[in-house]
Each structure stands twice: as C-alpha cells, then as structure tokens.
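Structure, as structure tokens:
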Amino acid sequence: MLQEGLSLLCKTGNGLAHAYVKFEAKYKDLTDISLLECFIHLRYVDLSENKLQDLSPLSSLTHLLWLKVDGNLLTSARMQELPYLQIISFAHNHIKDMEGITHPCLANLSLKGNKIRTALGLSQALFSLHNLELRGNKLESTAGLNLPKLKSLYLAQNALRSLEGLEALEQLTTLHLRDNQLEALDGFCSSMKCLQYLNLRNNGISTFEEVAKLQVLPMLKALVLLDNPCSDETNYRLEVLVLLPRLERLDKESFEQDERAEANEIRQKRQEEKVRTAQGRGWGVRSV
C-alpha cells in the first residue's frame, strides 16, 4: 500500500539525494500509519476516508507542507508542532475542541463538520493563519477567535447566539455566518476595518435597528440577509441601503442607481427631521 501511494520524486533538502515527497492513501480502512515515520521527506500527505484515531506518527515528518485527514475517527486535532506545515484539513471527524494546533506557518485550517463547541482553546500562536473553516460544528459563540492575520472565516451551520471577541480580526475581509441563531448583531466593531463580505442568511434578525449596527464596518460592500425576518419587511432593500449607504450588493444583487438616489433622499429627510426634533426639544427646555 505504501508503494502504491508514494509519488512525486524530488531532491532532498541538501540537494544530494532524491526522495518521494507525496503520499496518498484514501479509502484504505487504515487504522495504523506508523510506517510513515520512516518517510521523513514527505511534504504532501492525504489520508482521507480511513479509520485513523492517532496522528502521532506524523511528528517525524518535519518537512510536511500539506496534510489532509478528512473523514477519519479523530477526536482531537492535537499534533506535534510541525515547522513548515501550511495547510491542514480535519473535515468530518469527531473533534471536540481546537486545542493543540500550534504550527507556526499554518495559513489554511479546515475543521468543517466536527463537534466543536468552543474556540477558546485555539492557540494565539497561529500568526500566519489566513483562512479558517469551521462550518457545520456546534459553536454557540465566537469567543476565542483572536487571530489578527485572519482574512476569511467560515462559521455557517453552527449554533451561534452571540458574537464576541471580534475586535482582533482587523484584517478579516470575508465572514460567513449563515444558518445560525443570531437575533442581535452586537459584537461588530470599527476595528474590523477590512470586512467587505458578510453573510447572515437564515438567522433571526428581525429589525432594521439590528442592521443599523453594521454601520461600524467602514468597508462593508456585500451583505446577505435573505431568510431573516427583516427581509420580509416592506421596502426591505431600500431600508437597508438607507442605513448602509456604502453597500454595493444585497443578497448577491447590486443596487441600481435609482435605488441609491431614492435611499439618499430618504436618508436626508430623516436627518433633517432629527435636527428639527432636536431643536424643538432644545427650545422647549429654554422656554421652561
């Protein structure tokens, strides 16, 4: 099986020899990978759809760049720190927490389809992490996702009821929160100055007062609110554009120029009404 799975002959690090650097063994019912300890030059390993519960034999593969272990029986993502590992996929296992992931060069991490309830165990040493996939878990909060270099975060199909600890996500450009249980949009903050795409489809956002909380996001260009109660309101698209004038697309559809002009007019009238109301209250105070 090893012989069949090995491929991609390359020079070793010192350039004086050659070794196979890729190994693939999918759908082999593997339970033991201890033989891989000897293949220290491996850089790309795919062990998806087996019956693995232990990845400790991979700790000797210090040249590993890419690892895929989807569809196994893993209950933990904990591994020995690998200095060059950049991409890992643990999708569709039985992992319950995010502890023990400490690879310093890790840029892409997928934990899709596991049983994770909290991100609080996530290492703050993941300085290079750009993409994090946590779709289809059991997360109830975003607390613990303090990843300053993160650019894309996928949290769809969880059980999120609150948004917490998002202040550190200063470089985040894409955030997927579809199919959760959010009723309020507290937690967004002005430090999220790069966020351009936000998907909130199929949550419990019922009022435009909640949508107005997204005004703190200075770069938000595309928003998805379909299948929220507020999307059934009269003049839904127009009301969202009044609140978020920098928005370019709502529910994947771009705003037309006439929509934008009407929204500007409504916004201006409401601002003038606020000014008159505030002045009226001021006069009332003076007259008393």
Side-chain angles (χ1 to χ4, degrees), residues 1-116 121-137 147 149-154:
M1 194 179 296
L2 272 168
Q3 185 177 357
E4 292 174 0
L6 289 167
S7 64
L8 195 57
L9 195 63
C10 292
K11 283 186 177 181
T12 57
N14 60 16
L16 301 177
H18 287 78
Y20 289 109
V21 299
K22 184 177 181 180
F23 179 71
E24 181 179 306
K26 299 166 64 177
Y27 297 99
K28 302 293 186 182
D29 289 330
L30 289 174
T31 58
D32 184 351
I33 54 172
S34 56
L35 282 175
L36 289 181
E37 289 178 330
C38 303
F39 292 82
I40 61 172
H41 298 289
L42 286 175
R43 301 174 195 168
Y44 312 97
V45 172
D46 189 347
L47 295 164
S48 299
E49 310 302 334
N50 285 289
K51 297 178 180 179
L52 298 176
Q53 300 182 57
D54 178 24
L55 298 180
S56 58
L58 300 180
S59 60
S60 63
L61 307 185
T62 55
H63 296 281
L64 200 62
L65 301 174
W66 184 92
L67 174 64
K68 191 172 184 181
V69 286
D70 298 349
N72 278 279
L73 303 176
L74 299 168
T75 57
S76 173
R78 185 181 295 276
M79 291 177 63
Q80 179 77 24
E81 184 177 300
L82 294 169
Y84 305 115
L85 190 57
Q86 298 174 25
I87 299 172
I88 311 179
S89 182
F90 289 107
H92 305 297
N93 277 275
H94 304 284
I95 296 168
K96 298 178 181 178
D97 60 57
M98 301 176 67
E99 296 183 2
I101 306 173
T102 58
H103 317 289
C105 290
L106 192 63
N108 293 273
L109 172 62
S110 175
L111 288 156
K112 176 174 65 176
N114 280 280
K115 299 180 179 181
I116 298 168
L122 190 62
S123 172
Q124 305 309 306
L126 297 174
F127 304 115
S128 302
L129 196 64
H130 288 169
N131 300 288
L132 178 58
E133 169 66 86
L134 285 166
R135 193 173 3 176
N137 278 278
L147 300 162
K149 295 292 182 68
L150 201 65
K151 294 185 178 178
S152 300
L153 177 58
Y154 302 91

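Note that the coordinates shown come from a computational prediction; the quantities given were computed from them, not determined experimentally.
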message: Tell me the closest heavy-atom pair linking Asn72 and Glu49, and the distance in Å.
response: ND2-N, 3.9 Å
statement: dist Ser110:OG -> His92:NE2 (nearest 0.5 Å) comes out at 7.5 Å
- request: Please say which of Leu67, Thr102, Ile101, Val69 ends up in a side-chain contact (heavy atoms from CB on, under 4.5 Å) with Met79.
  value: Leu67
query: Phe39 versus Val21: any side-chain heavy-atom pair under 4.5 Å?
result: no
Close side-chain approach of Met1 and Leu30, heavy atoms under 4.5 Å: yes
query: Got a donor-acceptor contact below 3.5 angstrom from the Ser128 side chain to the Ala107 backbone?
result: no
- request: Report yes if the side chains of Thr31 and Asn50 come closer than 4.5 Å at any heavy-atom pair, otherwise no.
  value: no
message: Is it the case that the side chain of His94 and the backbone of Leu74 share a donor-acceptor pair, with hydrogens and angles ignored and the cut-off at 3.5 Å?
response: no
query: Is the closest side-chain heavy-atom distance between Gln80 and Ser56 below 4.5 Å?
result: no
query: How far does NE2 of His63 sit from NE2 of His41, to the nearest 0.5 angstrom?
result: 6.0 Å
- request: Taking the side chain as every heavy atom from C-beta outward, state whether Ile33 and Leu35 have any pair of such atoms under 4.5 Å apart.
  value: no
- request: Evaluate the side-chain proximity of Cys10 to Arg43: yes if any heavy-atom separation is below 4.5 Å, no if none is.
  value: yes
- prompt: Would a distance-only check, ignoring hydrogens and angles, find a side-chain to backbone donor-acceptor pair under 3.5 Å from Asn93 to Asn114?
  reply: no
query: Roughly how far, to the nearest 0.5 Å, is CG of Asp32 from CG of Leu52?
result: 8.5 Å
From Ser76 atom OG to Asp54 atom CG, the distance as rounded to the nearest 0.5 Å: 10.0 Å
message: When you compare the side chains of Asn131 and Asn108, does any donor N or O come within less than 3.5 Å of an acceptor on the partner?
response: yes
message: Given 3.5 Å as the limit, does a donor-acceptor pair link the side chain of Asn137 with the main chain of Ile116, or not?
response: yes
- prompt: Which value, rounded to the nearest 0.5 Å, describes the distance between Leu109 atom CG and Ser89 atom OG?
  reply: 8.5 Å
field: Qualifying residue for side-chain contact (heavy atoms from CB on, under 4.5 Å) with Leu42, from Leu36, Leu58, Leu8
entry: Leu36
Met98 versus Leu111, closest heavy-atom pair with distance: CE-CD1, 3.9 Å
field: Any side-chain heavy-atom pair of Lys26 and Asp46 under 4.5 Å
entry: yes
message: Rounded at 0.5 Å granularity, tell me how far CD in Gln86 sits from CD1 in Ile88.
response: 11.0 Å
- prompt: With Leu64, which of Leu85, Ile87, Ile40 fulfils side-chain contact (heavy atoms from CB on, under 4.5 Å)?
  reply: Leu85
query: Heavy-atom distance under 4.5 Å between the side chains of Trp66 and Lys68, does that happen here?
result: yes
query: Can you check whether Ala91's main-chain N or O pairs, donor with acceptor, with Asp70's side chain at less than 3.5 Å?
result: yes
query: Between Leu106 and Phe127, is a side-chain contact (heavy atoms from CB on, under 4.5 Å) present by the stated rule, with each step listed?
result: CA-CA 8 Å; Leu106 192 63; Phe127 304 115; over 6 Å; no
- prompt: Is the backbone N or O of Leu122 less than 3.5 Å from a side-chain atom of Gln124, with the two atoms forming a donor-acceptor pair by type?
  reply: yes
- request: Taking all heavy atoms of Tyr84 and all of Leu65, pick out the closest pair and write down the distance.
  value: O-CD2, 3.5 Å
statement: In terms of heavy-atom contacts, Pro83 and Cys105 come closest through O-SG, 3.2 Å
